[in-house]
Amino acid sequence: MMNWKQLLTNKRLGQEHRHNERHDDRTEFKRDYDRLIFSAPFRRLQNKTQVFPLPGSIFVHNRLTHSLEVASVGMSLGNDVARQILAKNNDFIDTMLPEIGTIVSTACLAHDMGNPPFGHSGEKAIQAFFTEGKGAHLQERVSPETWADITHFEGNANAFRLLAHRYKGRREGGFVMTYTTLASIVKYPISSTFAGKKGKFGFFKEELPIYRKIASELGIPQLQVNNGTATGGSMTVEGAAYARHPLVYLVEAADDICYEVMDIEDAHKLKILSFEETSELLLGFFDSNTQARIRQRIIDEGITDDNEKVVYMRARVIGLLEKCCVDAFMANEKEIMEGSFKGSLIDEIAKKQRLAYGKCTETSRSRIYNSKPVLDVELSGFKIMDTLMGAFIEAVTYPDRFYSRQLTGRVGSQYDINSLDLETRIMAVIDYISGMTDVYALEIYQKINGISLPIV
């Protein structure tokens, strides 16, 4: 059984034995939040695709605006859960429990920082380069663990790597975040070797020792892995699987709420969904009496623009789902703290809201994710990413060639692109390419293909 007092610590990765002088009254978790907000990788999210093409005259969500909205919902989820736990247990009043809102919000800011350019298409391009493309021959030259990492490449695991890994020239511990914040972003606390058919995992081989240390400090139980499934008990095979940190469920819920509901709003803005279709989906979360009150409120407020009507309905849906997920967390707190809870909080909300959420999901799959603008981005993005992977992986595989030296010479010094170890060079390429924005990836693609030349 996990316990909140151990799960919440302000110990920092890379500064475990250092005393840090403080010049203000910010908590350690607020420092984590500020550190992310002002970081370059977070700032680059403004130029990474969420679902739809990056905006022209119509502004839809990118990874940055999505992350900020998820962080806002995460703050509410964390604060409300903390309030309810404190109300039933006075022992936690003088602990760090009241800071759960800040911790969840910070983890929400970080949850997409490891995503490559062009969204899920970028992830698939990296995976497919090794499983189906020119990188397949490398399987015999790398360890099984590294092969599992790169063929299952995951934005979630990459986010943990970005925050925790010691890159060339960077101090131990990456961003030097608190153990609790780092654990709260690991949605799939399992090694890639045990990821199974879904291919979801939480940390690369190089970061496994870091996660082991964090889990040990926080009292997160390790699970037994048999044939790629976690069942509880002791480890008998290479790799690791752990229960989730309880706050991961709140981070996941904030993301689930925002991407599903906001994708519907964006689809309406882009006229993929009509106003009638959109309002039917959003009002479907409420009973008939509440639906009537929402319609009347729109009339009373004098809202005549359809986009603004959708904004109001969307806000009401997010508020309702936030409350539902808090209730689901509290109803399942015992199982969550035991590490035995399965699924997500969205799976546990009331039937009416769960059915309405399912209709939004079905509409997104059939009408949004398969729409022409989205498919065009995915097709173009896949080609760009595959080309970049091909050029740079070939360069680090044959580093003594003239063109290889020219190409790797433009990679930043923080990436260990010239390491004597091939696995390190391959991961350096993935770090470099996954950190690109959509526009920068396109720019490098054009340059290495001779499509564009620098103009002096």
Side-chain angles (χ1 to χ4, degrees), residues 2 7 9 11-14 16 32 36 41 103 106-116 123 126-127 130 142-167 170 172-196 198-225 228-230 235 237-249 251-252 255 339 415-416 423-424 426-431 434-435:
M2 291 177 277
L7 287 166
T9 177
K11 181 181 287 189
R12 290 188 176 278
L13 182 67
E16 290 87 349
D32 283 348
L36 290 181
I103 299 167
T106 303
C108 289
L109 288 180
H111 84 284
D112 270 353
M113 283 177 64
N115 285 46
E123 277 185 332
I126 294 174
Q127 296 168 8
F130 296 106
V142 300
S143 68
E145 292 82 7
T146 294
W147 185 249
D149 283 351
I150 60 181
T151 56
H152 292 91
F153 175 84
E154 242 279 337
N156 293 283
N158 205 41
F160 184 75
R161 176 177 172 83
L162 178 66
L163 296 180
H165 185 70
R166 182 180 183 177
Y167 292 100
R170 184 183 290 180
E172 183 71 34
F175 275 50
V176 195
M177 308 292 283
T178 61
Y179 281 27
T180 298
T181 295
L182 287 170
S184 298
I185 73 165
V186 183
K187 187 175 179 181
Y188 309 103
I190 187 170
S191 302
S192 61
T193 44
F194 307 131
K198 291 185 177 181
K200 300 294 187 181
F201 68 105
F203 32 76
F204 294 107
K205 178 188 74 172
E206 289 185 79
E207 286 73 57
L208 174 55
I210 295 174
Y211 192 82
R212 284 190 189 279
K213 179 166 66 172
I214 291 172
S216 176
E217 175 73 22
L218 302 183
I220 299 173
Q222 190 170 334
L223 306 176
Q224 183 181 358
V225 178
T229 60
M235 288 293 301
V237 289
E238 184 64 28
Y242 289 86
R244 282 179 167 186
H245 189 291
L247 297 187
V248 171
Y249 290 101
V251 176
E252 179 184 47
D255 188 31
Y415 303 104
D416 202 358
E423 290 187 1
T424 301
I426 290 172
M427 291 305 297
V429 168
I430 294 176
D431 290 336
S434 66

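- When every heavy atom of Ala243 is checked against every heavy atom of Met2, the shortest pair comes out as CB-CE, 4.4 Å.
- Between Arg244 and Lys187, the closest heavy-atom pair is NE-O, 2.9 Å.
- A donor-acceptor contact under 3.5 angstrom links the side chains of Ser143 and Glu423, judged on distance only.
- Side chain of Thr181 to main chain of Ala107: no donor-acceptor pair is present (N/O by atom type, distance under 3.5 Å, no hydrogens or angles).
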Assess whether side chain to side chain contact (heavy atoms under 4.5 Å, CB included) is satisfied between Val186 and Tyr211, documenting all intermediate values. CA-CA 9 Å; Val186 183; Tyr211 192 82; 3.7 Å; yes
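- Between atom CD1 of residue Ile185 and atom CG of residue Leu247 there is a gap of 12.5 Å, rounded to the nearest 0.5 Å.
- To the nearest 0.5 angstrom, Leu218 atom CG is 8.5 Å from Tyr179 atom OH.
- Taking OG1 of Thr193 as the reference point, atom NE2 of His152 lies at 9.0 Å (rounded to 0.5 Å).
- Atom CG in Asp149 sits 5.0 Å away from atom CZ in Phe201 (nearest 0.5 Å).
- Atom CG of Asn158 sits about 8.5 Å away from atom CD1 of Ile430, to the nearest 0.5 Å.
- A donor-acceptor contact shorter than 3.5 Å links the side chain of Glu123 to the backbone of Gly155.
- Contact check for Tyr242 versus Pro221: no side-chain heavy atoms found under the 4.5 Å cut-off.
- Shortest non-hydrogen contact noted between Ser192 and Glu145 is OG-O, 3.8 Å.
- Considering Leu182, Asp32, Leu36 in turn, Leu36 is the only one that fulfils the side-chain contact (heavy atoms from CB on, under 4.5 Å) rule with Phe175.
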Checking side chain to side chain contact (heavy atoms under 4.5 Å, CB included) for the pair Leu223/Phe194: CA distance, chi angles, key distance, verdict? CA-CA 11 Å; Leu223 306 176; Phe194 307 131; over 6 Å; no
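- Note that CD of Glu206 and CE of Met427 are 6.0 Å apart. Values are rounded to the nearest 0.5 Å.
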Determine whether Leu7 and Ile220 satisfy the following criterion, side chain to side chain contact (heavy atoms under 4.5 Å, CB included), listing intermediate values before the conclusion. CA-CA 8 Å; Leu7 287 166; Ile220 299 173; 4.1 Å; yes
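- The backbone N or O of Arg212 sits nowhere less than 3.5 Å from a side-chain atom of Ser216 that would complete a donor-acceptor pair.
- Looking only at distances, a side-chain donor or acceptor of Gln127 sits under 3.5 Å from a matching main-chain atom of Phe153.
- The minimum heavy-atom distance linking Ala183 with Val248 is given by the pair O-CG2, 3.4 Å.
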List the steps and the verdict of side chain to side chain contact (heavy atoms under 4.5 Å, CB included) for Phe204 and Phe160. CA-CA 9 Å; Phe204 294 107; Phe160 184 75; over 6 Å; no
